[in-house]
Protein chains: 6
Amino acid sequence: MTQERNITRIDAFTYREILSRDPIILIPVGSIEQHGPHMPLGVDTLLSTTMAELTAESIGAYVGPTVSTGYKSQQRSGGGNHIIGSFGFDAETVIGVCRTLVRELWRHGARRIVFINGHYENYQFIYEGVDLALRDLAGRQDPPRVMMVSYWDFVTDEVIAELYPDGFPGWDVEHGGVMETSLMLRHFPDLVRMDRVMDLPAAELPAYDLLPVDASLTPESGCLSSAQASTEAKGRILTDSVVEEMGRAILERF
Amino acid sequence: MTQERNITRIDAFTYREILSRDPIILIPVGSIEQHGPHMPLGVDTLLSTTMAELTAESIGAYVGPTVSTGYKSQQRSGGGNHIIGSFGFDAETVIGVCRTLVRELWRHGARRIVFINGHYENYQFIYEGVDLALRDLAGRQDPPRVMMVSYWDFVTDEVIAELYPDGFPGWDVEHGGVMETSLMLRHFPDLVRMDRVMDLPAAELPAYDLLPVDASLTPESGCLSSAQASTEAKGRILTDSVVEEMGRAILERF
Amino acid sequence: MTQERNITRIDAFTYREILSRDPIILIPVGSIEQHGPHMPLGVDTLLSTTMAELTAESIGAYVGPTVSTGYKSQQRSGGGNHIIGSFGFDAETVIGVCRTLVRELWRHGARRIVFINGHYENYQFIYEGVDLALRDLAGRQDPPRVMMVSYWDFVTDEVIAELYPDGFPGWDVEHGGVMETSLMLRHFPDLVRMDRVMDLPAAELPAYDLLPVDASLTPESGCLSSAQASTEAKGRILTDSVVEEMGRAILERF
Amino acid sequence: MTQERNITRIDAFTYREILSRDPIILIPVGSIEQHGPHMPLGVDTLLSTTMAELTAESIGAYVGPTVSTGYKSQQRSGGGNHIIGSFGFDAETVIGVCRTLVRELWRHGARRIVFINGHYENYQFIYEGVDLALRDLAGRQDPPRVMMVSYWDFVTDEVIAELYPDGFPGWDVEHGGVMETSLMLRHFPDLVRMDRVMDLPAAELPAYDLLPVDASLTPESGCLSSAQASTEAKGRILTDSVVEEMGRAILERF
Amino acid sequence: MTQERNITRIDAFTYREILSRDPIILIPVGSIEQHGPHMPLGVDTLLSTTMAELTAESIGAYVGPTVSTGYKSQQRSGGGNHIIGSFGFDAETVIGVCRTLVRELWRHGARRIVFINGHYENYQFIYEGVDLALRDLAGRQDPPRVMMVSYWDFVTDEVIAELYPDGFPGWDVEHGGVMETSLMLRHFPDLVRMDRVMDLPAAELPAYDLLPVDASLTPESGCLSSAQASTEAKGRILTDSVVEEMGRAILERF
Amino acid sequence: MTQERNITRIDAFTYREILSRDPIILIPVGSIEQHGPHMPLGVDTLLSTTMAELTAESIGAYVGPTVSTGYKSQQRSGGGNHIIGSFGFDAETVIGVCRTLVRELWRHGARRIVFINGHYENYQFIYEGVDLALRDLAGRQDPPRVMMVSYWDFVTDEVIAELYPDGFPGWDVEHGGVMETSLMLRHFPDLVRMDRVMDLPAAELPAYDLLPVDASLTPESGCLSSAQASTEAKGRILTDSVVEEMGRAILERF
């Protein structure tokens, strides 16, 4: 990256100059969650931050503090929070973190904010945090506009068709699968151990959740589909698709 | 209904007899939300309760208090909470209500509880309420098992293919559309005014949320797809599919 | 009822027309609570809603969503929350529900709101919910005025003297007694089983609460006084008194 | 007082000895609230503490920390929280303080706790605090039993007849009236200014609350009935009645 | 004291006159906490109130309600909350009490408020309560300015040198030591028992906290340093220093 | 680092093996806060994580997820939260994050946890989070022991004397000063711009806090003392001192 885009690595004086130019601020939202035997606990935090940084570079935006206090892993999208290695934060905490970020960025002068989600279960709690922050700011001068996205929603149908020739199982069961693993191979190859991938059939999960979780429904790997077909090249294609489409959507809206 | 299945219409002495037989208790979760010009604000509450009652009758279960304090309508699944007529409760309240229901039913002796959701936006907050209740009950004797479902997830692919010959748009944009309207025609015909249906194209919503909402993205009707093709017969087919499949899933699990 | 007065059975377009005429909105607040062997758990919810609907019809008001998440039954007014069949919600939840209703009705345009309580224990928590909502709306345009009543406070002394010739024991020990049972006989006769009334002496409760409850102080019936003398005619008299006096008070104030 | 009964004036070593003998601990609960032109803001705190101390002396109990964070003054029992001089704490705070006191006293070894309320509006929030504390302690060893009283509920009918020969208006409108003023004359004569009493007719308050308050309904004095007839002698009679009856009730129960 | 300065002993009419003159209001913040075998549990509450009253007299200010719901005693500043006799309130409660006091005093018309802390562990929670209150009042007319102090921070270096000739151990380990005991001897001699002082070496506490506490690290007395050298004369010197310096700081700022 | 010690870069299978050996887990706690014109917003997060990682390597421990949701910057230790660039999270959120981490690590099997604070204002809120987590786990099997430290408390007096030959101003005013800057030069030299250091006199801050902050009391740089004398060599000395002493303290205790 030729120019630093992540404000946590920028000093406050420069940050104030940036703020004076009405920047778009992208907030990555991840988790600390098991991703099988072949990837580290920080996958969602790493990938949401990377997607945000690349998009920021592409559209001239900046990246704010990454949220790593993700909501509890659920069985049908993350294997379940009973698994050792997943850190599940309460709704109240996830909401509170996002609410503060909006309020503080507004105080700093930001008026265009985008939450870029990288952990399936977070979405509704990001939404609530943003909604409460805007309620907090009701009647205050010049409240911000806030977009909320999950980065995988910008992978185009063409890319999906190309990367999943045998049919696309859905983003929910992509947990620890081809998409996340390919992206990690592309951006953090040192943190992936393809030799440890457990090539198991995709999870067959029912149309409901059960608590306490029936642990037998999650594959032994903790991944909901196999990462075997992952490649760095697929990670590149996915990245390009997300960065281009997500950037386009942000610019169209803001 | 030959035998009363809704405990709010049953006296406490009879309720205690029922509890002594280890019943399955179904909790409907709805909302008070605009559903266009042709259906009342209570649609989600009415339908989730009806689906629960019919399923209860079918499998010998009972229906607990209906939750009507639904989460905020979101634009991509309910038109948006800016619309007058939708009552959006905070995450904290939805979570608190569900959490209490689990705890109180457990105190009463119930050990098998199913939340039957009828308002798309509720799901994650039901989940959190259940999770917190189970944490509250950790270490207590004989904690309950809890299922969480959204009733439309039990409409079979066959029924979908039959009812949506031109392609199925997804349950999220079904808000105020053919499914809900047909079900209302089947169960509450007096509350539907087909002559007031606004036959507008389905909403074309982006892959993100925006707050404050861009109100222009929601069709003028407040419905995300047209209800024009709704019929009482479709409502019957949908009901049969849901009651059979949802009942089967509950019995298999419990 | 010749014209629908309950907004949960009214569509959003009609609701908006109603709102444009500055209506008075009545919010029933009940509970799910044991009411002895002869009446169902939903008594407080049913009666508060009916009282609200009849009063609405009488004075041209409308009825909003019924709150059924009532506060915990207390021994001296409801037998106690240890009894199986009573669902006791925490103060925080009751407060949150009422707070949201005021805030959402204000957003919709309502400026005159009345909470009509039908569960003795709720009152202080309704009050707090309203107070917090008005704090939320401080500085916002045109905040609402809110009345809070318990419907039995409008039974006139004449009616009390007529209906309780042997002396009136007080509304608190009326739980499951003559007033509630007569009202149920008047409005929901199918849900009352007079043959199951347990004709026990009125509870003699001390001048204090005790937690954990001394269960022996609550009559075996769960009712604090006998319902034996209940009749549909008394229910009619009580209804007329409440509807007339409560309606008069609302109109005088608003 | 010959022996110190208030633990805030006792050292921790002596306190531990007391605790080892399974004492009854009385917790006064007051407020900081306007009480007209003739009495100070601290009346409820002073009187609840004095009643607790005298009762403790009478029955060999001890007095714990006084709660002065009272709930909001309400118009029908305290004139209303709009009046300058009343400090109204949120339900959450009153609940939290009482909840902690039960939990901490239990940790110290206390198993018999009595809350002695001296501010009408507090009662339901004390109750909730106690209920939540007992839930916190569920499953822990030897949880406490807790009584909750308002001290005026122990004034006997005979005393009421003697002191209010023209008829008793009810404890709610006694705010700043004959009972509280007589008790203050008895116990804190230096803090009463009988020459400043405003001898106004008793407030005529409606059967409902209104928020925002209609300030015109509260007498100019802030008192709901006149204190003109107050005497130190009446304070003595009231004190004797309360201490004897309240003490008896506590001993009977504990 | 020639003129009453504590508003809890002042009537509401006089209080309103005071408020009309833009007074400085001092809020004492204490705790109920063990202070060894020679002093009562209420030390922090008594001393913070006395310091506030004397300072108020000195600078013409007034004293508001004393906060006695102190935060949990911590081992390195108060011996630890495991000790029987200490009442530790949760952060949430301490914050809520302080937040309300600011909000209510502002509603009454106060614009200059000072929190005078007398319990080491409270400080950060007072700060948060004030910060949240100011957020609550954002956009409201004429919000207050609030100072926060711990009274011992105004003891001058000269006084420290004089009173601690062998070296000053720091205010944190002064818990139950020479400063607090001397101040109690000066202002509440009846509540001090010098014959019960345990003359133990000062606690040697590590540079960290441990939970659960290692009880062996707190001296048997519960005091972190010996009170043996305490005298009424030292209490007088300390008082004079605090009242003068704290008063000066308040006047300079306000 | 020869072996990965940060669990966010370790896969879940390896993590489970680590957990089975009863590891010590170190949790860094930082902030996103202005640190003058010469250092980035993430200083506290970067340094607490680095100190934790080096200590982990030294004593064979592991590092858990870094907390970056730091409490509000206060003027006397961080310049004040009014400064653009500082993100101040509410007490509730900081507490909630730490509470969850303890609970989740316990669920994973960790029994020895150390919070390593790198942002002065956090400490009391970490403490509360840990205390509440241990309350949550009361009665559960094998609850954890938790240490809480601020890393600078392990710099020895010898090192202080060596590095601050003109006298040590205290860790609170070290914000953005010689210690933090030297440590950044040692570990993140690319993120420091010594040419941008503003060589201003140390802040002279009063013995109290004021809200709203008097912005004129914070030096223009946002730093409380000058970083001019910072060197990479000092950073090395400081690091060695902290890692050795902190490691020793942890091992002695655990």
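A, B, ... follow the sequence lines: proteins, then strands. Residue 1 opens every chain. Hydrogens, waters and symmetry mates are skipped; everything else that's a heavy atom, side chains included, is used.
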*Chi angles and distances behind the side-chain contact (heavy atoms from CB on, under 4.5 Å) call for A/Arg135, B/Asp90*: CA-CA 11 Å; A/Arg135 184 197 294 167; B/Asp90 285 355; 2.6 Å; yes

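- Of the two parts of A/Pro144, only the backbone, made up of N, CA, C and O, holds a non-hydrogen atom closer than 4.5 Å to a non-hydrogen atom of chain B.
- With chain B as the partner, the residue from A/Glu92, A/Glu121, A/Lys72 showing the most heavy-atom pairs under 4.5 Å is A/Lys72.
- Neither the backbone nor the side chain of B/Glu252 comes within contact range of chain A; no heavy atoms are under 4.5 Å apart.
- Using a 4.5 Å cut-off between heavy atoms, A/Leu134 touches chain B through its side chain atoms alone.
- Note: B/Leu210 CG to A/Arg253 CZ = 5.0 Å, rounded to the nearest 0.5 Å.
- Residues A/Ile250 and B/Tyr208 fail the side-chain proximity criterion, which asks for heavy atoms closer than 4.5 Å.
- Taking CG from A/Asp214 and CZ from B/Arg145, the interatomic distance works out to 9.0 Å, rounded to the nearest 0.5 Å.
- Interface residue B/Asp131: backbone and side-chain heavy atoms are both found under 4.5 Å from chain A.
- Within the model, atoms CG of B/Leu211 and CD of A/Glu128 stand 10.0 Å from one another, a figure rounded to the nearest 0.5 Å.
- Chain B is approached within less than 4.5 Å, heavy atom to heavy atom, by no residue from residues 96-118 of chain A.
- Side-chain atoms of A/Gln74 and B/Gln124, non-hydrogen and from C-beta on, do get closer than 4.5 Å to each other.
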